[in-house]
Amino acid sequence: MLLFSEYDKSLENIYISQPVVDINLGDTNNYLVRFPKFKRVTHMILAFDAENLFLKSKSSYGYFFNLESLLTDLEERENRGYFVVAVTSNSSRQKQYNPYPRGEQENFATMHIESILEDHLPQIYGDYDINVSNLKKIVMGASMGGLMSIKTGILNPSFENIISLSPAFWFGFPGIVNDLNNLSKKSICNLSVGTKEGDIFGDQVKNIFPKEWDLDFSNNNDFYVSGVRKIEEELKLNNIKTNFVFKEKGQHNETHWNPILREFLVSI
């Protein structure tokens with residue numbers, strides 16, 4: 001059972017759970033819940049990497065979405081109310097956030113998503129008296145969280161609105177491309193990539209990844225763009241409605257993703 005307490009004194013409408021053990025990995029996650037102040041709930045967001053959403057002081061690398069400010073502004077401008085459930089990542093992130101492990105490795109990411117959807121979301125909805133049947137449901141994530149948002153949409157098609165910011169495609173390539181065939185045709189995929197994201201690799205991609213991948217290995221930035229473009233192409237081939245943002249000079253962090261996220265949320 002999840003028990004919630006105050007997240008931070010500066011954010012009176014956000015609460016955090018006690019650590020929840022992922023028994024498959026022997027690591028823990030926390031759940032954050034954010035509810036709108038003085039607004040009727042119209043949208044429900046499930047988000048990954050919760051530590052990077054609301055406060056710079058709690059973020060992993062010093063970047064954060066400043067999501068409370070973004071949502072409050074949209075609530076006033078668009079007369080909406082956002083109920084957010086977000087899950088923190090942990091030191092096992094490369095296993096827990098990769099739905100496309102290679103070889104015979106266990107799929108810890110799929111088990112994590114199923115635990116969120118089946119074990120914890122129903123309790124949270126009940127505790128906060130949220131009826132999601134008439135809400136617009138969104139799942140969002142960035143980088144490896146972007147892979148998780150796509151996989152969540154596949155496993156639970158009621159999350160029709162998928163936001164995948166600069167998905168870390170190489171962790172699951174080409175498995176993710178094949179899995180897009182399993183997305184509901186009612187899904188809407190909001191996808192983005194920037195032209196300056198290649199520095200996250202730490203080495204030349206031609207030294208890291210298989211040459212047989214049909215991607216652009218000319219430099220790290222173009223490699224990143226070509227991988228996300230491949231996802232975009234496959235979505236369109238599968239007749240999935242896709243909103244794509246190509247960000248010139250866009251970098252791999254929440255500061256650069258923030259305006260893109262806003263653009264996607266406005267459209268939902």
For this session: Please assess His43 against Phe83 for the test ring pair (Phe, Tyr, Trp, His ring centres under 6.0 Å), listing each intermediate value before the final yes or no.
Result: CA-CA 6 Å; His43 293 66; Phe83 182 76; over 10 Å; no
Exercise. Given Gln18 and Asn30, is the side-chain hydrogen bond (donor to acceptor under 3.5 Å, both in side chains) satisfied, shown in steps?
Worked result: CA-CA 6 Å; Gln18 82 280 24; Asn30 297 84; over 6 Å; no
Problem set entry | Audit row: Asp127, Gln123, side-chain hydrogen bond (donor to acceptor under 3.5 Å, both in side chains) steps and yes/no | CA-CA 6 Å; Asp127 287 350; Gln123 184 207 316; 2.8 Å; yes
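When the shell of 6.0 Å around CD1 of Ile23 is examined, it contains 12 or fewer heavy atoms from other residues, nucleotides or ligands. Heavy atoms from other residues, nucleotides or ligands lying under 6.0 Å from NZ of Lys185 number more than 12.
A salt bridge links Arg34 with Glu75: the distance from a Lys NZ or Arg NE/NH1/NH2 to an Asp or Glu carboxylate oxygen falls below 4.0 Å. No salt bridge links Asp27 with Lys95; every basic N to acidic carboxylate O contact stays at or beyond 4.0 Å.
Checked against side chain to side chain contact (heavy atoms under 4.5 Å, CB included), Val225 has the following partners two or more places apart in sequence or in another chain: Val193, Arg229, Phe246. Taking Glu106 as the reference, Phe108, Met111 meet the side chain to side chain contact (heavy atoms under 4.5 Å, CB included) condition, with sequence neighbours excluded.
In summary, the side chains of Gln204 and Asn219 do not present any donor paired with an acceptor at a separation below 3.5 Å, with no hydrogens or angles considered. Tyr100 and Asp179 are linked by a side-chain donor-acceptor pair at a separation below 3.5 angstrom, with hydrogens and angles left out of the test. No side-chain donor-acceptor contact under 3.5 Å links Glu160 and Ser184.
In this structure the side chain of Leu215 never reaches within 4.5 angstrom of the side chain of Phe209, judged on heavy atoms. Side-chain atoms of Leu53 and Phe64, non-hydrogen and from C-beta on, never get closer than 4.5 Å to each other.
Evaluated for a ring-ring contact (aromatic ring centres under 6.0 Å, His included) with Trp170, the options Phe217, Phe223, Phe201, Trp213 yield exactly one hit, Phe201. No option in Ile138, Leu117, Asn156, Val84 other than Leu117 meets the side chain to side chain contact (heavy atoms under 4.5 Å, CB included) test with Leu46.
In summary, the aromatic rings of Tyr97 and Phe48 are positioned with their centroids under 6.0 Å apart.
Classification of the Tyr224-Phe169 ring pair by plane angle, with boundaries at 30° and 60°, yields perpendicular.
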